[in-house]
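Nothing here was measured: the structure is a model prediction, and the numbers come from that model. Note on naming: letters A, B, ... go to the chains in the order of the sequence lines (proteins, then strands), and numbering restarts at 1 for each one. Worth knowing before you read on, the calculation uses all heavy atoms, side chains too, and leaves out hydrogens, waters and symmetry mates.
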2 protein chains.
Amino acid sequence: MSRPETGGRRKPAKIADVARIAEVSVATVSRTLANPEVVAEETRKRVLAAVTATGYTPNLAGRALRARRSMLALVVVPDLANPFFPEVLRGVDETLSAAGYGIIIANLDNSAEKESRYVDLACAGQVDGVLLLCGHVIRGRVRDLRASGLPIVAACERIDGEDIPQVEVDNEDAAARAVAHLIDLGHRRIGYIAGPERNVLDRDRRKGFGRALRAARLDPRKAPAFAGDFTFRAGERAARDWLAMPDATRPSAIFAANDEMAIGFVKTARAAGARVPDDVSIVGFDGIEFADYCEPTLTTIYQPRRDIGATAAALLIAAMTSPKPPSPRFERIATRLMLRDSTAAAPKR
Amino acid sequence: MSRPETGGRRKPAKIADVARIAEVSVATVSRTLANPEVVAEETRKRVLAAVTATGYTPNLAGRALRARRSMLALVVVPDLANPFFPEVLRGVDETLSAAGYGIIIANLDNSAEKESRYVDLACAGQVDGVLLLCGHVIRGRVRDLRASGLPIVAACERIDGEDIPQVEVDNEDAAARAVAHLIDLGHRRIGYIAGPERNVLDRDRRKGFGRALRAARLDPRKAPAFAGDFTFRAGERAARDWLAMPDATRPSAIFAANDEMAIGFVKTARAAGARVPDDVSIVGFDGIEFADYCEPTLTTIYQPRRDIGATAAALLIAAMTSPKPPSPRFERIATRLMLRDSTAAAPKR
DNA sequence: ATGAAAGCGCTAACAT
DNA sequence: ATGTTAGCGCTTTCAT
């Protein structure tokens, strides 16, 4: 026996169907759904019964067209494959969908072509707001996102020189804490594995690195720096460079600008016979899941990615809901230094 | 000096604006964009010039309402944080966006509530098709996705008993090849770290495991099986069980139903002093990035995730474009056994 | 408290 | 080859 109430229906019910069954006008149906308190108790009951009976769900296109808002937000990610973002997106998703917003994910994937298409989409009024996790205001070939007047919020990577609400962790301070931890352990020669040049995260973390060194009366300019780009491979290269250094100058500790490079470093150094943390201590940044799975487990700065996403989403909702342009306020999210097995006291010389 | 052509415009241009400037009717504008070949060369030029001048982008809500299609596909993922999916999504995204479709990502995240909302969304006609990467047809509290008649395609995890197009790798065959590799290396006692019970991927991979054993005249029923659920922690547990086994029965090789469990196993076994691959060989399944980063690098079955996504998207496009329901055809994507450092000849007894 | 009706921006059938 | 026009489903005045 099949269930007749759910089976086989073809076309979705529309508001007129509900109105007919409830014996009211379409206006009343609309009101019942949007402002239940303004319709009479009795009427409301009939309408809601009809909604259930027909399985009515408002057509978003019709609503968007008329109400001039799509209840959709565009979330721009530089690269979905980066293990940092999924968890941020979860926070974003939870918060936005709880407020009734849908999400369109724009995965830039290093394509200017795609980027431009998303700008077009946004400027054409297809979304109610834009959340930038990509470190820059996306640029179109012809249209300009800022000129559209659309609410914009940035997170993860700070965008300098834009007066929009932003959410970020204090990268400089967190880096300084990580390096101070190494100094506390007795390390005096500490190396830095860098992120991409001119990247704002690299700049802030490098600053924190220098600050912690200076606080211990060490000279940042003498600290060995290894070029990098946030990839595992860059960590491997840094390790090879490190291995080639003479004992006298080789750092006993490394601060990597992110976890993937730290893990690449550890793997290559160990493969060449170096012991971690006995011969070299290392601390990463981000707190990706794998930092707790690798061997040895990685001391790192944990970023509460879900919180970052949720906070940014909340700011965006505020901007989309409020009639006037939001004050460009900054939200700072706290990080945690996770002490694990990749750091230990400096070897005695 | 500011750029007047892009700056400061507020309201997006609509089709009527373009028509006015090009001195044609709105119908001609619409046609020029949809079927350029049916309008006169001369007219087309004027229209396109006006489009550029105004920065016109069609309003999707208007189009969706009228044309009764949204050019949006719903892509359902069980868990975005799972490192397997981002690369699949890239393939999906490339193919769908090349065909002009947008994507809404439904991250189920184990919430029946969310699942139901996405069913509502789909059944209300807000999307033109649904791509299921989650191993089941999503279920709503009241509405039924199948009854909506919407095009549906499944990938990654096969959905049994549904006559919809599906894309998958031959899990059974791939698993059999992986295990045959271990047998070729001289292993006779081979263990299996399982996925979640009743999971279709686990069932298929377990079948392949058994098939390879039987082909070598070994008895699958005597092969040690370790319970698991695809998580890193499950691999750790399996390793502890393995370490506790007496030498006489302890397997010299392990086939794990996925990479994360394999990596968890390796880490824990090594931490307890076992050498990989000298004391135990292990092969994983999936070919996630980290399988090539861990120590030792992991022998595994590589699934071309991007291809899987692209193929599934192509099938969905076909289903959304064709007027009649698609024949429920199966696409099989080939896998590759990646030989790396976690497998070696069985130790002599 | 409820209803009638206009119209959001677009496409497609029909007319010229 | 091009124009006119009727809605797609919904919200929101404005009347009642």
Side-chain angles (χ1 to χ4, degrees), chain A residues 10-48 50-51 54-72 100 120-121 123-128, chain B residues 10-48 50-51 54-72 100 102 120-121 123-128 323:
Chain A
R10 291 281 110 179
K11 293 269 145 265
K14 52 178 123 183
I15 199 169
D17 299 327
V18 178
R20 189 163 19 76
I21 291 175
E23 300 183 287
V24 296
S25 71
V26 294
T28 298
V29 177
S30 179
R31 271 192 290 258
T32 306
L33 268 25
N35 298 79
E37 67 279 10
V38 308
V39 316
E41 160 96 32
E42 158 69 21
T43 319
R44 186 170 43 203
K45 267 193 197 139
R46 279 214 319 282
V47 171
L48 292 177
V51 166
T54 54
Y56 171 70
T57 310
N59 178 308
L60 296 182
R63 171 178 293 175
L65 191 54
R66 171 67 224 216
R68 337 205 76 197
R69 38 188 235 143
S70 60
M71 295 303 283
L72 246 34
D120 290 351
L121 185 81
C123 289
Q126 312 307 297
V127 298
D128 296 341
Chain B
R10 291 279 109 176
K11 291 270 144 267
K14 52 179 125 183
I15 200 169
D17 300 327
V18 178
R20 188 163 20 74
I21 291 175
E23 302 183 284
V24 294
S25 71
V26 293
T28 299
V29 176
S30 180
R31 271 192 290 259
T32 307
L33 269 24
N35 299 81
E37 68 278 9
V38 309
V39 316
E41 159 97 35
E42 158 67 21
T43 320
R44 185 170 44 204
K45 268 192 196 141
R46 280 213 319 281
V47 171
L48 292 178
V51 166
T54 54
Y56 171 70
T57 310
N59 177 307
L60 297 181
R63 171 179 290 175
L65 192 54
R66 171 66 225 213
R68 335 205 81 208
R69 37 189 239 142
S70 60
M71 294 305 282
L72 244 37
D120 290 350
L121 185 81
C123 288
Q126 314 306 298
V127 298
D128 296 341

Atom CZ of Arg20(B) to atom P of dG3(D): distance rounded to whole Å?
-> 15 Å
Tell me, please, which residues at least two apart from Arg46(A) pass salt bridge (charged side-chain N to carboxylate O under 4.0 Å, His left out).
-> Glu42(A)
If you take all heavy atoms of Cys123(A) and Pro12(B), which pair is closest and at what distance?
-> O-CG, 3.4 Å
Could you tell me which non-hydrogen atom of Val39(A) sits nearest to which non-hydrogen atom of Arg31(A), and how far apart they are?
-> CG1-CB, 4.0 Å
Show me, pair by pair, the donor-acceptor contacts under 3.5 angstrom made by side chains of residues 16-25 of chain A, not counting sequence neighbours?
| residue | atom | partner | partner atom | Å |
| --- | --- | --- | --- | --- |
| Asp17(A) | OD1 | Arg20(A) | NH2 | 2.7 |
| Asp17(A) | OD2 | Lys14(A) | N | 2.9 |
| Ser25(A) | OG | Ala27(A) | N | 3.4 |
| Ser25(A) | OG | Thr28(A) | N | 3.3 |
| Ser25(A) | OG | Thr28(A) | OG1 | 3.4 |

Bounds of contact between DNA chain C and chain A, in 5' to 3' order, using a heavy-atom cut-off under 4.0 Å = dA1(C) to dG9(C)
Would you kindly give the CD-to-C1' distance between Glu23(B) and dG3(D), to the nearest whole Å?
-> 15 Å
Just report the end-to-end axis angle for the helix from dA1(C)-dT16(D) to dT16(C)-dA1(D), five pairs per end, to 10 degrees.
-> 40°
How many Å lie between CG on Asn59(A) and C1' on dC8(D), as a whole number?
-> 8 Å
So, Thr54(B) side chain and Ala50(B) main chain: donor-acceptor pair closer than 3.5 Å or not?
-> yes
Can you check the Leu65(B) CG to dC10(D) C1' distance for me, whole Å?
-> 8 Å
Thr32(B) side-chain N/O to Arg44(B) backbone N/O, donor-acceptor pair under 3.5 Å = no
When rounded to the nearest 0.5 angstrom, what distance separates CG in Leu72(A) from CG in Leu121(A)?
-> 8.5 Å
Donor-acceptor list for residues 55-64 of chain A side chains, cut-off 3.5 Å, not counting sequence neighbours:
| residue | atom | partner | partner atom | Å |
| --- | --- | --- | --- | --- |
| Thr57(A) | OG1 | Arg143(B) | NH1 | 3.4 |
| Thr57(A) | OG1 | Arg143(B) | NH2 | 3.3 |
| Asn59(A) | OD1 | Ala61(A) | N | 2.7 |
| Asn59(A) | OD1 | Gly62(A) | N | 2.9 |

Contact state string [nucleotides 11-16 of chain D, B base, S sugar-phosphate only, - no protein heavy atom under 4.0 Å] | BB----
